[in-house]
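Everything below concerns the one structure shown next.
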There are 2 protein chains.
Amino acid sequence: MSVSRVINDNPSVKAETRARVIKAIAKIGYAPNDAARMLKGRSGRTIGLVVPDLSDYFASCFHAIQKVAIQHNYQTLVVATGRIAAVEDRQLESLRNHRIAGLLIVPSGSNGRRLKMLQDCGIPIVALDRPAAGIQADTVLVENREGAELGVRHLIEHGHKKIVCVGFDSGSYTVRERIEGYKQAMRGAGLQPILCDNVNTLEAMQSLVLRWSTGKNRPTAVFSVKRISSVLLIQALHFHKIRVPEQIAVVGFDDFELAEVLGTPLTVVRQSPTDVAHTAAELLFKKISSVKEGRLPEQKAAKVLFPVELIVRRSCGCPK
Amino acid sequence: MSVSRVINDNPSVKAETRARVIKAIAKIGYAPNDAARMLKGRSGRTIGLVVPDLSDYFASCFHAIQKVAIQHNYQTLVVATGRIAAVEDRQLESLRNHRIAGLLIVPSGSNGRRLKMLQDCGIPIVALDRPAAGIQADTVLVENREGAELGVRHLIEHGHKKIVCVGFDSGSYTVRERIEGYKQAMRGAGLQPILCDNVNTLEAMQSLVLRWSTGKNRPTAVFSVKRISSVLLIQALHFHKIRVPEQIAVVGFDDFELAEVLGTPLTVVRQSPTDVAHTAAELLFKKISSVKEGRLPEQKAAKVLFPVELIVRRSCGCPK
DNA sequence: ATGAAAGCGCTAACAA
DNA sequence: TTGTTAGCGCTTTCAT
């Protein structure tokens with residue numbers, strides 16, 4: 001049967017026939033078999049999204065991406081790697097079998113060989129939030145360094161000299177960049193960077209804070225490199241009854257829903273995950289249609305860099 | 001070629017041949033085409049997950065589900081409906097084409113016809129968080145009513161008489177159930193329920209709170225039906241400088257990461273999304289393997305109900 | 001233990 | 001405008 005023509009909106013089919021077909025479809029509840037269509041060469045209507053996890057930031061990304069995908073009539077296959085390179089590798093392999101039409105990825109440190117293979121299969125890839133090692137692909141990032149510098153400089157302008165940077169999971173690109181930004185700001189002001197790296201648990205954070213509060217020579221301000229570390233920091237400060245910003249001022253990278261409602265509303269460097277994700281998705285679909293129409297992929301990979309902004313609340317010491 | 005045999009672990013292949021094949025596969029980077037395999041009848045190695053959104057609660061669900069899926073060597077196709085029945089319908093239709101092996105769904109109000117069609121295609125379905133209308137399927141829920149009752153009774157035990165229930169999006173099953181629980185608790189104590197329904201924006205919440213603080217006859221306690229309403233409520237109370245629990249006591253349904261670190265730590269009724277999701281996923285894979293082995297589906301749909309617990313912090317007025 | 005043939009549901013190209 | 005043919009890459013069955 002040339003039901004196919006109706007399904008694919010082929011104009012050369014008589015109105016009456018089309019109507020009959022449509023009725024029949026509705027009647028028997030027919031649905032085309034995607035597997036067969038894509039076996040026949042039509043790239044499937046699914047894109048892959050690989051993220052470290054779906055907490056907060058990446059959930060926002062997902063929503064922005066799915067919105068674009070739905071507009072293009074695509075579905076989204078999500079993979080959370082838990083930041084484990086081995087998992088990422090395995091999942092990328094599965095995605096390769098899946099013959100997805102394109103891939104959005106927040107790389108969490110696998111070596112890029114698998115990515116390269118996907119790309120060699122002709123699957124367009126766009127990296128977001130972090131650059132992808134081992135391949136050349138479009139990349140959408142935010143100004144991590146500049147943002148961190150911005151936040152730390154704000155603390156410096158408040159007159160702070162001993163400003164600690166608390167890190168978390170410094171294996172990640174974004175954290176490393178932000179730490180660089182912190183160092184730049186400190187050096188730029190002739191101050192000594194004090195880095196507390198890899199404070200990954202509440203316990204670690206609490207003992208760190210305890211050390212500050214008992215030791216002499218305590219820091220007067222803290223810059224936290226990401227949402228989680230901000231949350232842990234706030235919990236720990238709260239636990240040890242240290243007042244913010246009176247005893248210690250705080251600025252964090254990444255805004256979050258409740259930052260405004262905390263005991264002391266948190267001053268943050270805000271980025272826009274939806275902008276990043278939306279742009280990455282658009283870029284991907286542009287590439288996908290390029291591929292479909294048989295155009296050669298453009299040689300130069302696009303790099304998009306989004307700005308960040310400082311949201312001043314109370315934790316930095318500003319009057320409000 | 002009988003590469004197939006190697007890939008599918010068919011025992012009848014000489015060790016030496018197998019070795020050669022494996023080497024060849026590695027060399028040319030061969031990957032089996034899932035589309036072709038599933039065209040041939042093998043059900044695909046993808047399950048669908050349909051949720052209203054991926055905020056917080058459902059993100060936890062996703063992680064729990066993906067964990068189970070990966071164990072079974074499946075991938076997860078996520079669809080967020082934004083609580084729009086039309087979107088849910090369209091996406092379910094797409095999932096049907098996708099020939100997914102099973103479906104986990106948090107139904108957001110579509111009429112169930114599409115679900116029925118999927119089920120009629122032989123696709124196992126498990127509903128979680130809310131029951132699915134229009135079909136008979138395994139369902140995993142939490143004790144919404146009982147939980148709300150528990151929370152409200154706690155406020156009553158503190159001596160409160162005027163306890164408002166602030167709702168959000170009362171179209172949703174969980175909210176309706178919790179409101180029922182609230183009413184039950186109030187009536188059980190001979191108190192008059194005061195329901196503020198569908199307070200869906202910060203502005204609405206703020207004007208509500210303003211009314212309380214200016215009017216006579218103000219409530220002395222509030223029960224919030226879900227995380228978002230708790231957050232809005234806290235923001236609004238904060239905005240109007242109303243002290244918790246001195247001027248008004250608060251208990252909310254659903255725990256969240258920062259509940260403990262708020263100006264006043266929030267007393268909540270906690271449920272476990274991971275338990276719910278994990279159980280639902282296990283149930284689904286049990287059904288999937290039933291189907292694969294050609295066993296008849298069991299007649300009776302399973303209903304699993306998870307308990308909730310009251311996490312006492314300070315917002316209810318407990319000394320702590 | 002391995003090869004050959006058929007067919008899953010679809011669509012692109014051609015024939016009527 | 002419609003029907004026919006072939007083949008996408010795999011697995012199942014049967015033959016070697």
Side-chain angles (χ1 to χ4, degrees), chain A residues 1-46 73-75 93-101 117-118 120-123 288-289 291-294, chain B residues 1-46 73-75 93-101 117-118 120-123 288-289 291-294:
Chain A
M1 278 269 262
S2 287
V3 179
S4 182
R5 282 192 254 263
V6 173
I7 297 202
N8 295 317
D9 293 326
N10 188 318
S12 61
V13 53
K14 205 162 52 176
E16 191 255 349
T17 315
R18 157 166 290 136
R20 260 188 329 143
V21 170
I22 290 178
K23 190 174 291 179
I25 286 179
K27 185 163 183 176
I28 64 171
Y30 164 88
N33 186 330
D34 259 13
R37 325 180 87 172
M38 82 192 271
L39 179 55
K40 186 59 196 179
R42 294 215 153 194
S43 69
R45 300 203 80 79
T46 305
N73 205 5
Y74 276 67
Q75 309 242 133
E93 187 58 28
S94 299
L95 285 178
R96 197 155 72 98
N97 304 348
H98 240 290
R99 297 296 196 276
I100 49 169
M117 293 177 91
L118 278 172
D120 290 342
C121 293
I123 296 174
I288 289 177
S289 45
V291 171
K292 275 197 167 171
E293 294 165 24
Chain B
M1 278 266 263
S2 287
V3 178
S4 183
R5 282 191 254 263
V6 173
I7 297 199
N8 296 319
D9 295 325
N10 188 317
S12 62
V13 54
K14 205 161 55 175
E16 190 255 350
T17 316
R18 158 167 287 136
R20 260 189 327 144
V21 169
I22 290 178
K23 189 173 292 179
I25 286 180
K27 186 162 184 179
I28 65 171
Y30 165 87
N33 186 329
D34 260 12
R37 330 181 82 171
M38 85 191 268
L39 180 55
K40 188 58 197 177
R42 296 216 149 194
S43 70
R45 299 203 82 78
T46 305
N73 204 5
Y74 276 69
Q75 309 242 133
E93 187 57 30
S94 300
L95 285 178
R96 198 155 73 97
N97 304 348
H98 240 288
R99 298 294 195 276
I100 49 170
M117 293 178 90
L118 278 171
D120 290 342
C121 293
I123 297 174
I288 289 177
S289 44
V291 171
K292 274 197 166 168
E293 293 165 23

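Only a predicted model underlies this, so the values are computations on that prediction, with no experimental measurement involved. Just so we're on the same page: letters track the sequence lines, and every chain starts at 1.
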Measure the spacing between CZ of A:R45 and CD1 of A:I100 and express it to the nearest 0.5 Å.
->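 Rounded to the nearest 0.5 Å, the CZ-CD1 separation comes to 14.5 Å.
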So how far is it from B:H98 NE2 to B:I123 CD1, rounded to the nearest 0.5 Å?
-> 11.5 Å
When the side chains of residues 13-21 of chain A are checked against the rest of the protein, which donor-acceptor pairs come out under 3.5 Å, sequence neighbours left out?
| unit_1 | atom_1 | unit_2 | atom_2 | d |
| --- | --- | --- | --- | --- |
| A:R18 | NH2 | A:N10 | O | 3.2 |

Looking at the side chain of [X], which of [options] is the nearest nucleotide?
X     : options               : result
A:T17 : D:dC10, C:dA13, D:dT1 : D:dT1
A:V13 : D:dA6, D:dT2, D:dC10  : D:dT2
B:R5  : C:dT11, D:dG9, D:dT13 : D:dT13

Show me the donor-acceptor pairs within less than 3.5 Å that the side chains of residues 25-40 of chain A make with the rest of the protein, sequence neighbours left out.
| unit_1 | atom_1 | unit_2 | atom_2 | d |
| --- | --- | --- | --- | --- |
| A:N33 | OD1 | A:A35 | N | 2.8 |
| A:N33 | OD1 | A:A36 | N | 3.4 |
| A:R37 | NH2 | A:N8 | OD1 | 2.9 |

Within less than 4.0 Å of OP1 or OP2 of D:dT11, is there a side-chain N or O belonging to B:S4?
-> yes
Which residue lies toward the 5' end of DNA chain C, B:K14 or B:L39, if each is placed at its nearest nucleotide?
->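 Between the two, 5'-proximity favours B:K14.
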Mind calculating the distance between [atom1] ([X]) and [atom2] ([N]) to the nearest angstrom?
X     : N      : atom1 : atom2 : value
A:N8  : D:dT1  : CG    : P     : 17 Å
A:R20 : D:dT1  : CZ    : P     : 15 Å
A:K40 : C:dG7  : NZ    : C1'   : 14 Å
A:R37 : D:dC10 : CZ    : C1'   : 20 Å
A:N10 : D:dG3  : CG    : C1'   : 14 Å
B:N33 : C:dC10 : CG    : P     : 16 Å
B:D34 : C:dG9  : CG    : P     : 18 Å
B:D9  : D:dT12 : CG    : P     : 13 Å

How large an angle, rounded to 10°, do the end axes of the helix from C:dA1-D:dT16 to C:dA16-D:dT1 enclose when each is built from five base pairs?
-> 40°
Do B:R99 and C:dG9 have a side chain to base donor-acceptor pair shorter than 3.5 Å?
->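 Between C:dG9 and B:R99, which were checked side chain against base, a qualifying N/O pair under 3.5 Å is absent.
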For B:Y74 against B:A101, the heavy-atom pair lying closest together =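 Of all heavy-atom pairs spanning B:Y74 and B:A101, the closest is CE2-CB, 3.6 Å.
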